[in-house]
Amino acid sequence: MSTKDDSNNNTEIFDEMAKSSINNYIISQRSQVRLLNKSENTTYMISDLEQEVRTILRINRPGYHTPQELIGELMWMEEIRNKTQLLIPQPIAGLNGEFVQILTHNALPNPYNSVMFTFLNGRQPDESNKGQLVEQFHILGEITAVLHKNAMEWPRSQTLPRFTWDYESILGDKPRWGKWEAAAGMTAQLESLCSRASKVIKRRLGEYGKGKERFGLIHADLRLANLLVDNDKIAVIDFDDCGFGWYMFDFGAAVSFIEHKPYIPDLLASWLDGYRRVRNVSQEEENEIPTFVIMRRLMLLGWLASHYDSDRPIELEDDYTIKTAEIAENYLLKFS
């Protein structure tokens, strides 16, 4: 969870750091720097006009990851690139041979870690195009299963220095992304409903357990914004939140911000069909997917409440809280 830091809101400071980062790489001084988005991190497009190459610079929020954790993320990405055919960015080392670079600014009290990646073509899936989205979720199901299979077969994944995404870190007393209770538009009635859902989630996941067939290294943020569609291929970006969690949580993350859409059952059916082409999903795992959907939704309420300095649509405020309560109510009708 982020804390108040006015410097995080100063785009000019980050622009200057991004431009200074050019000195860390084999990049022309004539390169253009353009802000792409500001979320957990601040991301830039670097366009080298001489080499005609584009790269992505990610400036990490201080305190979210240690350098060792960032290296852990890059290690898994390298394993995926070596052992699968999945399309993911390639980390780029700096002139000093290090993948994690340090950026400083005299107006900032602390240094920032940064990582550069190769640029991948593609566009975010269109959530308004149901037919196309259903087809894409079939591909995403296969991709997700390949990621899970790769993690399960990689011995190093068991000790990778990464977050754990379980009930306590998501909805517990000190949630990593903030408390959902602080969401905009939260009333006593809505809070009571979501609280009941949270208790059911905790009970069910306690019974579900963390067996090695259900819990391991996951991407943890396969939402539409982190997918790049290029014709019939989908690339996966932003492994910044990868860590240890339930495998089926990756579907909950995939439908982030659209969990209330009426076509979600169609997306799930397509996703499961694609997933099962690579790896089995037991009936018990399938039955628990609604738990991961509502848990992720509550998690996002906490994120919206705590990440006031991030780019996000204005409609993701009161209305999003109300729709979350509706999902929670439907969940309770089925599982309480």
Side-chain angles (χ1 to χ4, degrees), residues 1-4 8-9 36-41 43 123-134 136-137 140 165 167 170-172 175-202 220-227 238 241 249-268 271 289-336:
M1 183 178 72
S2 62
T3 55
K4 184 68 174 177
N8 283 336
N9 296 317
L36 291 181
N37 63 68
K38 193 170 188 179
S39 182
E40 195 65 58
N41 307 303
T43 307
R123 294 185 176 183
Q124 177 180 324
D126 181 3
E127 67 179 71
S128 66
N129 190 330
K130 174 189 171 182
Q132 192 175 69
L133 201 58
V134 169
Q136 291 164 349
F137 262 67
L140 179 58
W165 295 110
Y167 177 86
I170 294 175
L171 301 180
R176 184 168 291 117
W177 277 8
K179 289 182 173 292
W180 58 263
E181 294 93 333
M186 184 64 69
T187 65
Q189 182 180 5
L190 298 180
E191 181 174 345
S192 175
L193 192 60
C194 291
S195 179
R196 286 166 52 205
S198 180
K199 291 176 182 178
V200 173
I201 292 169
K202 183 177 183 179
D221 197 19
L222 288 170
R223 57 196 174 98
L224 301 188
N226 289 332
L227 306 176
D238 196 3
D241 286 316
F249 178 82
D250 267 340
F251 176 81
V255 295
S256 294
F257 301 115
I258 59 171
E259 303 95 334
H260 56 281
K261 299 286 186 178
Y263 53 59
I264 294 301
D266 295 325
L267 296 187
L268 175 57
W271 187 88
I289 289 176
T291 295
F292 298 117
V293 172
I294 182 60
M295 180 167 71
R296 172 71 174 190
R297 180 84 178 201
L298 290 173
M299 178 185 185
L300 291 174
L301 279 186
W303 187 88
L304 289 170
S306 63
H307 289 64
Y308 39 78
D309 58 343
S310 299
D311 297 334
R312 74 274 188 96
I314 188 94
E315 63 268 18
L316 295 183
E317 297 296 342
D318 295 22
D319 189 53
Y320 191 76
T321 301
I322 293 171
K323 285 186 170 64
T324 301
E326 292 173 358
I327 297 173
E329 185 173 24
N330 290 332
Y331 176 75
L332 289 169
L333 287 173
K334 185 175 182 180
F335 293 106
S336 64

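Worth saying up front: this structure is predicted, and the values here are computed from it rather than measured.
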Atom pair CD/CG of Glu259 and Leu298 - distance to nearest 0.5 Å: 9.5 Å
Between Trp165 and Asp241, is there a donor-acceptor pair closer than 3.5 Å when you use the side chain of the first and the backbone of the second? yes
For His260 and Tyr320, take the angle between the two ring planes, folded into 0 to 90°, and tell me which bin it lands in: parallel under 30, tilted 30 to 60, perpendicular over 60. perpendicular
What's the separation between atom CD in Glu127 and atom CG in Leu267, rounded to the nearest 0.5 Å? 10.5 Å
Any donor-acceptor N/O pair, Ser192 side chain to Gln189 backbone, under 3.5 Å: no
CD1-CD1 distance between Ile327 and Ile294, expressed to the nearest 0.5 angstrom: 5.5 Å
Tyr331 ring centre to Arg196 NZ or CZ under 6.0 Å, with the angle to the axis within 45°? no
I'd like to know if the side chain of Tyr263 reaches the main chain of Asn129, judged simply by a donor and an acceptor atom lying under 3.5 Å from each other, with no hydrogens or angles considered. no
Mind checking the CZ-CG spacing from Arg123 to Leu227? Nearest 0.5 Å is all I need. 15.5 Å
Does Asp221 come within less than 4.0 Å of Arg296, counting only side-chain N to carboxylate O? yes
As an exercise, state the distance from CH2 of Trp180 to OG of Ser306, rounded to the nearest 0.5 Å. 14.5 Å
Less than 4.5 Å apart, side chain to side chain, heavy atoms only: is that true for Ile289 and Val293? yes
Has Glu326 got a side-chain atom pairing as donor or acceptor with Thr324's backbone, closer than 3.5 angstrom? no
Once rounded to the nearest 0.5 Å, what's the spacing between atom OG of Ser336 and atom NZ of Lys199? 12.5 Å
